[in-house]
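Report on the following structure.
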Amino acid sequence: MSATLSFTAPTEHGPQDITLAYARVGEGEPLLLLHGIGHHRQAWDPVVDILATEREVIAVDLPGFGQSSALPHGLPHDLPTTSAVLGAFCAALGLDRPHVAGNSLGGLLALELGRENLVRSVTALSPAGFWTQAERRYAFGVLLGMRRTARSLPLPLIERLSRTAVGRTALTSTIYARPGRRSPEAVVAETLALAHAQGFSETLRAGRGVLFTDDVPGVPVTVAWGDRDRLLLPRQGIRAKHAIPRARLVRLPGCGHVPMNDDPALVARVLLDGSRAQSARALRTSFSTVAL
């Protein structure tokens, strides 16, 4: 079920009225899904039906992305503010410490929610914040190039490109290892989402100084990385493991930066097992926990 929710969030500038769009489906313990910068909640569509067999799944458009409005004027799209907004969003929906999974920017936000003990478990897919400055500049340069391309292409050309595997590769190969698997409709929608994202520039600007160096004590954490991630390189997973020593580090073979579409069954399994908060021994029997 797709809906919008208006609520009041506490911020450094006082209480602020926020409206976020989200979709909610399934039954079971709640699992909040957070997408990456320039994307939208539909990035999770390939895995939602699988997840919904065991979880109540809430996929949200982050502030300034998808169908969600940007934050009110003067409010920064930074990590503390967005985390506070997401905490208030969960409270307004009546979600008491949900499980959370995020990709890229969403993975960084998921870890921050875990650090603040606002969630039951964290699964982070190629999370931002474990880069060197050179790696960050590279990733931001790629993202800015993708944004410029998306904004420069007329809709008829985007639609025409989306109808062929070669065209879908041209539009999305930076984030997918298997772009030909993405449906034409999804490619058009996410290209437009990137072009029209109101919060893109502010969010990217706020990320320039971000490094995630804290542990996440008391919350089960799984960090998973596609071994064909061309945006945030897989070696960053090693730094995540050093920062969060008790985290389970999982390799996603054949997957790119946004792995949900590359291997939906594997990614859904990682998310479900991560949200079951199994012991490290149980997870090791399911996955290869390896140095990336």
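Only this structure's heavy atoms are used, side chains among them; waters, hydrogens and symmetry mates stay out.
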Taking side chain as C-beta onward, heavy atoms only, is [X] less than 4.5 Å from [Y]?
| X | Y | answer |
| --- | --- | --- |
| P220 | R248 | yes |
| N103 | W44 | yes |
| R246 | V216 | no |
| V210 | E112 | no |
| H35 | L62 | yes |
| L118 | L86 | no |
| L143 | L194 | no |
| F140 | L204 | yes |

Nearest 0.5 angstrom please: [X] [atom1] to [Y] [atom2], how far?
| X | Y | atom1 | atom2 | value |
| --- | --- | --- | --- | --- |
| R147 | S201 | CZ | OG | 5.0 Å |
| E202 | L71 | CD | CG | 9.5 Å |
| L32 | S275 | CG | OG | 12.0 Å |
| D263 | R269 | CG | CZ | 9.5 Å |
| T8 | I18 | OG1 | CD1 | 8.5 Å |
| L125 | W225 | CG | CH2 | 10.0 Å |

What are the two closest heavy atoms between [X] and [Y], and how far apart are they?
| X | Y | result |
| --- | --- | --- |
| G36 | S104 | CA-CB, 4.1 Å |
| V119 | V219 | O-CG2, 3.9 Å |
| I158 | L171 | O-CD1, 4.2 Å |
| T11 | Q16 | OG1-CG, 3.6 Å |
| A150 | T191 | CB-O, 3.6 Å |
| P179 | T172 | CB-OG1, 3.2 Å |

Could you tell me whether a side-chain N or O of [X] sits under 3.5 Å from a main-chain N or O of [Y], the two making a donor and an acceptor?
| X | Y | result |
| --- | --- | --- |
| Q67 | A21 | no |
| S173 | A170 | no |
| T169 | A165 | yes |
| R24 | V57 | no |
| R55 | P30 | no |
| D61 | H40 | no |

Pairs flagged by salt bridge (Lys or Arg N to Asp or Glu O under 4.0 Å) wherever residues 127-136 is involved - sequence neighbours left out =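 Salt bridge (Lys or Arg N to Asp or Glu O under 4.0 Å) check on residues 127-136 returns E135-R235, E135-R239.
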Salt bridge (Lys or Arg N to Asp or Glu O under 4.0 Å) contacts touching residues 25-39 (sequence neighbours left out) |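 Found E29-R120.
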Do [X] and [Y] belong together in a cluster built from hydrophobic side chains that touch within less than 4.5 Å?
| X | Y | result |
| --- | --- | --- |
| V223 | W131 | yes |
| L20 | V25 | yes |
| L211 | Y138 | yes |
| L233 | V250 | no |
| M260 | V187 | no |

Let me see the working for H257 and L232 under side-chain contact (heavy atoms from CB on, under 4.5 Å), right down to the final yes or no.
-> CA-CA 7 Å; H257 183 64; L232 298 182; 3.5 Å; yes
Residue E12 excluded, over 12 heavy atoms near CD under 6.0 Å =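 Incorrect, the count does not exceed 12.
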R115/L111 under side-chain contact (heavy atoms from CB on, under 4.5 Å): CA gap, chis, key distance, verdict | CA-CA 6 Å; R115 191 184 65 81; L111 289 168; over 6 Å; no
By side-chain contact (heavy atoms from CB on, under 4.5 Å), which residues pair with [X], not counting sequence neighbours?
| X | result |
| --- | --- |
| P245 | D215 |
| L155 | E159, V188, L192 |
| P80 | D78 |

For L144 and F200, what are the C-alpha separation, side-chain angles and deciding distance, and is it a side-chain contact (heavy atoms from CB on, under 4.5 Å)?
-> CA-CA 9 Å; L144 286 167; F200 182 90; 4.0 Å; yes
Please walk me through it: do F65 and I37 pass side-chain contact (heavy atoms from CB on, under 4.5 Å)?
-> CA-CA 8 Å; F65 298 98; I37 188 170; 3.8 Å; yes
Under the salt bridge (Lys or Arg N to Asp or Glu O under 4.0 Å) test, residues paired with R182 that sit two or more places apart |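 Once residues adjacent in sequence are excluded, the partners of R182 under the salt bridge (Lys or Arg N to Asp or Glu O under 4.0 Å) criterion are E190.
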